[in-house]
Amino acid sequence: MDKKKQKVCEFIKKSCDDLQKTSQTFQDIYNAIVNRNPSGKAYIYFDESDKQISSTYENFKDATFKTASKISRLINTAPGSVVGIKLKNSPRWPTIFWALLMAGHIPLLIDARLPKENTNNLLKQAGAQALIANDEETFICRSYRLNEIYNEEPDYSFRPDWANHMIFCSSGTTGDAKLMVYNGKNMVAQICAAYNMGEITNDIIYPRKTRILAMLPYHHIFGFIAVLLWYSFFGKTIVYPSSMATNDLIFAIKNAKCTHVYSVPLFWDGVAQKVSRTVSTIGKRKADVFEKMIAFNTNKITKKEAGLGGSKHIANIFKQRILGKSPKHCISGGGFLSPRTQNLINGLGYPLYNGYGMTEIGIVSVELSPSIEQRLKSSIGKPLHGIEFRIGEDRNNGNVEQTTGQLYVRSRICHSKEIIGGVLKNVDYSKEFFPTGDIASKDDQGYYFIKGRIKDTIILSNGENVYPDEIETYFKDIKNLNNVVCLGARLKGETEEKIVLVCEVDNSVTKEEVEKIYADIKSINETLPNEKKIQEILVDKKPLPMSGSMKVKRFMIKEAIQKGSDEFINFEKKEEKIISFDGYPQEDVEKTMAKVTKIFSKILMLPEFKIAPNAIWTTDLGGDSMSYIEMVQTLDKAFKIEIVEDKYGVLGTVNDFTKEILVLKYGEKTGKSNSKATK
């Protein structure tokens, strides 16, 4: 072992050994955090003028004590009461979290974006006595805004009375919620899961300047463990962007010189797509250099074959235009990572690894191999220290394990209690295995791979299993396609489940661009094996619904498709364009309708294909009363007519206005006609 790796190993193992010698409470974790490196930078953030501001662990310790004293005075409830935290990531978030524990309260971590109704449901089922949030609304329990807490005078006579539990929200923000309760021993085991990391890599945690971006929300297990808990325990610096906007994230990475960037696949897919689209516009010569750089950095060609693409200077030029030159270690977690994205990000010189975890089990594995070839296999690595994996239903038989099946996990990290539907229950997944609901496989070297969720697996009529996460990756790089989701669904009136691809496109796309998207999908689909071919292509008129962990909510889309919702447009089924418009020439009807549709499109800033002739301005198309008046006035001017105010609000669709314009121009017509209008 070289000296650098030995130093990393000693640093990690000593830190973990010292922690394990304590009582293993949250108080012990906190003491290790604030006392390891008091003068070290705990965090960096940017003010309104983008000036970089930092603070030390000593300052953090002082702020936490003062905040705990204020909370103790303000939140006058019994020790061990549950208090919700519903805040966006900021330097104040960890202060509030540790201060609540210090004041004897159990923090309940809630998504800052969660609506009031869902928040109240979580608060009720957790039995919360108070909430800390910056929302204007009132909730079912007393809520405190940050300014209210910080404006309180500190009580220097305050004596900490530590709580030793915290709660994550796993699922069910409506109905029966599923809440996971962790104690200090669970979190100590989670920290010490890093015990052997230094034997494999110098990069993930090392005893020198490390700055990690706080992009992942702390209410989520990935953000809390992999960013806040691990890196503050090891005395590193956490960088807070001024917002989650892409420009602000990149600004923070570059200006704070972030060495570590952890995020979900959606972010990494977005970076890869943006790079691919940019490369397509830079000219053949530069694009060729870029492709050779990617191939060289992923060990597919030699430096001689790469030419300019093998130059470190060229690599730095490309890096500077993306995330800068500082990132040394990147992780994707929380979902399936496209092999294309994995290849491109690693090829840019940003080492991107796969990690795995769940709210119920913590962070349990991450690919750590410095080998680029191993990294590009998209493995989630091997179980971390103190964690055991098994595949298949015979998990309790140590001599038998399937090569593919449901993944089961056993460790001291797993939650110790759970609250389901408001009922608290003790569990012990240090003795029995926890069923993850994920399909996994294992290779002959002991590396694990996640194929998808059991509930999302599409089972074809021939019994073949299809994993939608894999299929989505083939279509994600199509130009003008914002997002895609693949799922199995029975279309209304049909008896068999089909492989359905649902697309989200930007409202600025033209009719020609939509046709090109469809052609690209069909072209790619032709190259896929029969069992993976898309059988139905739909466009969602709205953005795809996303969860708090930035995953598409497949179940919501599936339910809407199977109910026959009209929020989807079928690429392949042409609607009958014409219904009866008695007395008017068909040519006039079609021209008028096309012109009205264009005006709707312009005012609503929607592509024409999203405007069905019978779609109502307000409820279906999202228009309001002001834009409605603007639209009517535009129609008046375009057709040289005057729609009377009595018809305002009565006319609401392209069909309605087409008929009204024809009546005003030609008079009321009756009798037989060959003309029709769109349904």
Check: Under the salt bridge (Lys or Arg N to Asp or Glu O under 4.0 Å) criterion, do Asp456 and Lys451 qualify, and how do the steps go?
Finding: CA-CA 10 Å; Asp456 293 333; Lys451 291 183 170 291; over 6 Å; no
Notebook entry, point to check: With sequence neighbours excluded, what pairs up with Gln406 under the side chain to side chain donor-acceptor pair (under 3.5 Å) test?
Noted result: Tyr408
Checklist line | Test item: Thr436 and Val409 side chains (from C-beta on) under 4.5 Å apart, heavy atoms | finding: yes
Check: Is the gap between the ring centers of His260 and Tyr231 under 6.0 Å?
Finding: yes
Margin query: List the residues meeting side chain to side chain donor-acceptor pair (under 3.5 Å) with Thr298, not counting sequence neighbours, and say none if there are none.
Written below: Lys300
With a 3.5 Å cut-off and sequence neighbours excluded, list the donor-acceptor pairs that the side chains of residues 222-230 form with protein atoms.
unit_1 : atom_1 : unit_2 : atom_2 : d
Trp230 : NE1    : Gln190 : O      : 3.4
Trp230 : NE1    : Ile191 : O      : 3.2

Check: Which pair of non-hydrogen atoms, one from Cys486 and one from Ile458, has the smallest distance, and what is that distance?
Finding: SG-CD1, 4.3 Å
Notebook entry, point to check: Is the closest basic N to carboxylate O distance between Lys542 and Asp540 below 4.0 Å?
Noted result: no
Checklist line | Qualifying residues under ring-ring contact (aromatic ring centres under 6.0 Å, His included), relative to Phe318, sequence neighbours excluded | finding: Phe290
Do any side-chain atoms of residues 475-483 form donor-acceptor pairs under 3.5 angstrom with protein atoms, and if so which ones, sequence neighbours left out?
unit_1 : atom_1 : unit_2 : atom_2 : d
Lys476 : NZ     : Asp269 : OD2    : 2.9

Item checked: Qualifying residues under side chain to side chain donor-acceptor pair (under 3.5 Å), relative to Arg412, sequence neighbours excluded -> Gln24
Note to self: If you compare all heavy atoms of Leu249 against all heavy atoms of Ser243, which two are closest, and at what distance to 0.1 Å?
What the structure shows: CD2-O, 4.1 Å
Next item on the list: Using ring-ring contact (aromatic ring centres under 6.0 Å, His included) as the criterion, list what pairs up with Tyr467, not counting sequence neighbours.
Entry: none
Check: Between the side chains of Glu388 and Ser411, is a donor N or O closer than 3.5 angstrom to an acceptor N or O?
Finding: no
Check: What's the shortest heavy-atom distance between Gly355 and Ile380, and which atoms?
Finding: O-CG2, 4.2 Å
Next item on the list: Could you list the residues that satisfy side chain to side chain contact (heavy atoms under 4.5 Å, CB included) with Ser332, not counting sequence neighbours?
Entry: Pro265, Trp268, Leu337, Leu352, Asn354
Note to self: Can you list everything that forms a salt bridge (Lys or Arg N to Asp or Glu O under 4.0 Å) with Lys516? Sequence neighbours excluded, please.
What the structure shows: Asp520
Margin query: Are the side chains of Ile557 and Leu544 in contact, using a 4.5 Å heavy-atom criterion?
Written below: yes
Next item on the list: Test salt bridge (Lys or Arg N to Asp or Glu O under 4.0 Å) on Lys328 and Asp203 and set out the steps.
Entry: CA-CA 7 Å; Lys328 301 293 186 292; Asp203 295 330; over 6 Å; no
Notebook entry, point to check: Do Asp428 and Lys417 meet the salt-bridge criterion of a basic N to acidic O distance under 4.0 Å?
Noted result: no
Check: Are Glu418 and Lys425 ion-paired here, with the side-chain N under 4.0 Å from a carboxylate O?
Finding: yes
Note to self: Quick check against the 3.5 Å criterion: does Glu497 have a side-chain atom that pairs as donor or acceptor with the backbone of Arg490?
What the structure shows: no
Check: Under 3.5 Å, side chain of Lys455 to main-chain N/O of Gly437, donor-acceptor pair present?
Finding: no
Check: Yes or no on side-chain contact (heavy atoms from CB on, under 4.5 Å) for Phe168 and Leu179, after CA distance, side-chain angles and deciding distance?
Finding: CA-CA 6 Å; Phe168 287 96; Leu179 310 175; over 6 Å; no
Note to self: Applying ring-ring contact (aromatic ring centres under 6.0 Å, His included), can you list everything that pairs with His415, at least two apart in sequence or on another chain?
What the structure shows: Tyr429
Item checked: Partners passing side chain to side chain donor-acceptor pair (under 3.5 Å) against Thr404 (at least two apart in sequence or in another chain) -> none
Checklist line | Lys382 NZ/CZ over Tyr447 ring centroid, <6.0 Å and within 45° of normal | finding: yes
Item checked: Phe97 to Met166 - nearest heavy-atom pair and separation -> CE1-CE, 3.7 Å
Margin query: I'd like to know if Lys498 pairs up with Glu494 as an ion pair, taking the criterion as any Lys NZ or Arg NE/NH1/NH2 lying under 4.0 Å from an Asp or Glu carboxylate oxygen.
Written below: yes
Check: Quick one: ring pair (Phe, Tyr, Trp, His ring centres under 6.0 Å) pairs with a partner in residues 349-385, sequence neighbours left out?
Finding: Tyr195-His385, His329-Tyr353
